[in-house]
Structure formats: C-alpha cells, structure tokens
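See structure below.
What you see is a predicted model; the values in this text were computed from it and never measured. Quick note on labels: first sequence line is chain A, next is B, and so on, each numbered from 1. These numbers come from the heavy atoms of this one structure, side chains and all, not from hydrogens, waters or symmetry mates.
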Amino acid sequence: MPSLTAATRTVRSAWRSVFRVGWPRTDKDRTAAMISSFFLHVHSAKVKKHSLRASYTLGLGLISFYLLLVLVVTGVALMLYYTPHPPEAYRSMKDLQFVVTFGPVLRNMHRWAAHAMVLVVFLHMCRVFFTGGYKTPRRFNWVVGVVLFLLTLGLSFTGYLLPWDQLSFWAITVGSNIASYAPWIGDDLKYLMLGGHVIGSGALLRFYVLHCVVLPGAAMTLVAVHFFRVRKDGLSAPPQPEPSAIVEAAPGRFPASTRSYGLMALTDRPAQPVVESDPEDDEVLSWPHLLYRELLLLLAVLVVLHVVALVFNAPLEEIANATITPNPAKAPWYFLGLQELVHYSAFVGGVLVPGVIVLALVLIPYLDPKPRGVGVWFARERRWANWTFGAFAIVAVVLTIVGTFFRGPNWAWVWPWMR
Amino acid sequence: MTDPAKDGDRAAGGLTGERTRRRFLFTTGTATVVVGVFGFLGATARYLFPNVLYEPPSRFPVGRPEDFPPGTATFLPERRLFVFNSDAGFYAISSICTHLGCNVNHITGDGFACPCHGSLYDANGQVTRGPAPRPLAWFALSLSPRGELVIDEERLVQPDYRFKV
Ligand code: HEM
Ligand code: FES
C-alpha cells in the first residue's frame, strides 16, 4: 500500500515541521526539545536541583504568572459583553451575572484571580527578600519586580471601577481623591486620571483603556524581561564551596558551552563563575523535571480557581449613585492599610507613605548589594535586613487587616464578631 | 545590535578621522531621533487633558425661595449640597467632604458627619474632628429673572454669607 505510507510520511513530516524534535526519548533530544521551541526555551536545558525545591520558591513567581494568564484569557472573554459607558456598563455586568452562559464563572474567576494575584505577587516579593534573591547580579530584576508589583495594583484598581456599582464608584472616588493630595501636581493628576472633575463616562473610558490595553501590555512586556533575567542569571542559590577551584580544574574550556547545549553558549555574556562552575551532578534536565512541576502547579492553580469561582460569587451591588455614599465607603482591600493611614492624614497615608515605600523598595538592592547569605531562607548573615523588612511587612498586613475587618460605619472601630 | 561606528572602523581600516566622523554622525542621528520622539510625546501630552467636558454645569437653579421652608436644611442629592433657609437669609453648603469626596450627612443642630473616615464639621462647615483638611465649601446664591434661587459653585463665599430675597 504505497499511497498509505506516503500519506503517513507526509503527516509525519508535517508534524515534524512544527515539532522539530518530536517526543524526546534521549537526553540529547530532551535538551534539543527545550531549546528548539520558542515557548520552552525560556528554560535552560538543565536546572539545579536547588531551584526545583518547592520549599525554596514556594512556586510563588510561577503562580503569579499563571494568574496573569488566567486574567488575560478570562478578561478577553468578559470584553465581549462589556460596554465601557455608565449605565450600560452596569447592565452588562448584570447580563454576565444572570443571562450569559458561563458568564458568572468567567466573571468570578477574573475577580478572584485578580485578588489572588495581588496577594501572591506580594508574597513572592517577600520570598525573594527573605532569601536574598535581590542581590548582585539580580539587583535590576528586583526593580523590574517592583514595577510589576505596581502594575499589578494598577490593573486591580482600574478594573475595580468597571462594574460601575456602588462598591466600585465609591472606592474609586476615595482612591482618585487621594491622588489630588500629591504636592503641586495633585489636581492635574486627578484631572488626567478622570478625564474631568468627576467620575463619569470619561473616567470610566480611561480606566477601561488602561485596564484592557495599556497596563496588561506593560505587565506582559515586563514579565518577559523579568523571565529573561531569571533565565540568564539562574535562580539565586547558595554559593558553591570553592567555585574558583572548579573553574580552574577545566582549563581552556568555555564553561557556558557545557550548560546551554546550543546557540546560547555563543552569545556574549559576562562570566558567571558561580552558576557555571557547579558540579554536573547538581543538575537535572529541565525536561521532564522542571516541566512536570510547572504543569502540575498550573493544574493546581486552575483547579483551585475553578472551585472558588463556582462556590463564591463576585460582589455586585446597586448601580453607582453619586448621591448616596455607603457607610463606610472602603477602597479595595489591598489599599485599606493606606486608607487606615488616610483616616489620620490624607497626605501622609495617600502620598508620603506610599511614595517612601516605593522608593525604599527600588533602592533596597542598591543599598544592600553584597551577595551574602543568598539562597537560603532567613540567613543568619542577613538577620538585620530580614527583621527590618519583616517588620514593615507585618505592619502593612496588620494595617490592612484593621482597615478590612475592624472598621465600620464612620470608620469607627468595630469588632468583626460583634457586627 | 551592530554598532555602525565599529563597522565603520573596520571599513575605514581604523582611520581616526573616519572614526570620529562616523561616531559624530551616529551620535547626532541618535540624539535627533530621541529628541524627535520625546519632543513629539511631550508636545502631545496636552492631548490627555480634555478641553470640553460634558459634566453638569456649575451654575444652576435649585427652586423658588418658597420651596425652602424657614429654619430648615434641604439636601439636594443630585447637586450634592445643602440649602439652608435661616432668619438672616439663604445659604448653601457643599455636601462633598473635603477629605476624599464622600457625601457628608447633616445632623440637625449639630453640623455634619462624614461616613467615610469620620470627619466632623460644625454647623458652619468648619472641621471639628477627623482628617478633613478644609472646611466644607460655601456657594454664592442669586435670584434668576424667573424668581428662582441660583447657586454658583465657582463663586465660593465665607460662612458669614447670607442671601436675602
Ligand atoms: C507579575 C508579577 C511577577 C511575576 C509573574 C514574577 C515571576 C517570577 C518567576 C516565575 C520567578 C522565578 C522564581 C520563582 O518562581 O520564584 C521570579 C523570580 C524573581 N522575582 Fe519575580 N515575579 C513577579 C513580581 C516580582 C516582584 C514584585 C518582585 C520584587 C519586587 C520580583 C523579584 C524577583 C527576583 C529578584 C527574582 C529572582 C529571585 C531569585 O533568583 O531567587 N518579582 N519572578
Ligand atoms: S471622605 Fe470624609 S472623612 Fe474621608
């Protein structure tokens, strides 16, 4: 049957035109599969066992990324039914909630994934700090991370207005008025943000464009930069016992070529004695060891999100009404720590403290660059730094909890169990 | 990225005059592009600030004087302000909290309270407690030819202001 074999051959060669390596069966093919695919080559061919340890990264960076992916997919789906103009915006949320098939699941997933992402990115930042992952040569990647954190907050905040219900309207009223406390440029800033003096159709359209185009684009681009850096520098790890001795033990060999198994070895890059000099048996092939863990984590994230989205509905209150202020009117939860401060002074809580926090975060790797105590949680050498950061993180968390659960009407103190 | 300056070196066999000339041209060209791009962005930044707003007018009639019984405070939710009719005359106080823009509630005989962060104002709209940085705004009133009270939100007045009809 010559024609059948010919057909099989055509199909096989067509398959090969897409997946050049095919299903890899040897270590050489596993290496080739990793570096010949656009999507897979974000991984190196081999990874250190250390970086696979779930207890080191807690998978938090990856979970952040998966949440971002879920948000993009569900967000595009929501856009098909959403109209960014005042009364229709609210109506389209009602449609999604009550008449669109699977609308509630998609909306709930989008909402809960957004909340989760703020939390997980924050935890990822804490992980990186407590393991010293921001030190040379990863200083700039920490800064990229800080911008990603701000973008995550910005995405969440701009999305908050879109349902156009009471919750969103008053949260954004409070939030945008905080901007007007910025010295000198405050009023212009608020005018720019709202496209006017009040939260109306202009503001909704601006928030929509930021939420659906500008900020996701910026976040995706920076995530690519972030990953590229992680790929180039490797994950932070404790230094090897005697790196220089090992490098010298292989004279005349360009160490990078033994690691990248391909073109990567030919690109210019600074010598990285620590990464390049690890003993071979410290490493395993990324296919399957890393890939398998990544897929498992993705599955876990999707399962958890689905369960949460099926059980809990995203809130939707009455349509936005500028004449009735709910009591209390609260910002989104991740700003309630700041709102708690804003309750004492709008300038301090809304401008000074957040400004100082962002500046301090950006400067951390430049004030404390020495790669000491890197690669382990809570290294003794870094006690002081860890305590300082930990104290700030705890204050932020406590303020957020107070603002969320312990503040009632007129921002007066309430005990959550006595409501 | 290939560096034209370096390629030039090679082509010119490393002649110094050639090198400085190429570097000069490359630098000037790059600078022009940078200035052009950022100049354009800077010049068009003004685009982001709308010139025409379709917002409610800041000067509007609120009703005839008889609609406001003497000795009362009337909340006009659509306009976000209170109209008072006192013995000495009419006055209007904004209901927009100067802290972060929530609507304050009027407590008869006792001033105003903001539900958002607990700012308190006295009967004149002066801050007595809480994070509000400024007193509530007072607006000037006038009478339209048709005999209606008109409020002008652009014209702010002091708390001793009273409008006699
Ligand atoms: C959209 C948000 C973010 C995503 C998707 C993301 C993703 C990742 C991933 C996948 C890794 C690999 C290691 C791991 O899984 O932990 C990583 C490492 C890293 N991230 Fe992020 N990240 C985000 C935000 C941040 C933030 C807010 C910071 C800090 C301010 C940060 C700083 C770093 C640094 C310095 C590393 C290298 C750490 C090391 O080598 O130990 N990232 N990130
Ligand atoms: S908005 Fe009135 S106290 Fe904050």
### Pairs flagged by ring-ring contact (aromatic ring centres under 6.0 Å, His included) wherever residues 155-178 of chain A is involved - sequence neighbours left out
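Pairs touching residues 155-178 of chain A that pass the test: A/Phe157-A/Phe335, A/Trp164-A/Phe169.
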Closest approach of [X] to [Y] (non-hydrogen atoms, all atoms of both residues):
| X | Y | result |
| --- | --- | --- |
| B/Pro50 | A/Arg206 | CD-NH2, 3.7 Å |
| B/Asn103 | A/Thr325 | N-OG1, 2.8 Å |
| A/His343 | B/His117 | ND1-O, 3.1 Å |
| B/Leu100 | A/Val174 | CD1-CG1, 3.6 Å |

Portion of B/Tyr54 that has a non-hydrogen atom of chain A nearer than 4.5 angstrom:
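It is neither, since no heavy atom gets under 4.5 Å.
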Mind checking which of [range] sit less than 4.5 Å from chain A, heavy atom to heavy atom?
| range | answer |
| --- | --- |
| residues 78-98 of chain B | B/Glu78, B/Arg80, B/Thr98 |
| residues 57-73 of chain B | none |
| residues 128-161 of chain B | B/Pro131, B/Pro133 |

**Q.** Side chain, backbone, both or neither of A/Phe347 within contact of chain B (heavy atoms, under 4.5 Å)
**A.**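 No part of A/Phe347 comes within 4.5 Å of chain B.
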Chain B contact via A/Ala346 - side chain, backbone, both or neither, heavy atoms under 4.5 Å |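 It is both, since atoms from each part get that close.
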What option among A/Val198, A/Ile324, A/Asp188 has the most heavy-atom pairs under 4.5 Å with chain B?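 Result: the option with the highest number of such pairs is A/Val198.
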Fill in: Contact leader toward chain A among B/Cys102, B/Pro56, B/Gly118, where contacts are heavy-atom pairs under 4.5 Å
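Sorted descending by pairs with chain A, the first entry is B/Cys102.
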Practice task
Mind ranking B/Val104, B/Leu53, B/Leu76 by heavy-atom pairs under 4.5 Å with chain A and telling me who comes out on top?
Solution key: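 Of the options given, most contacts go to B/Leu53.
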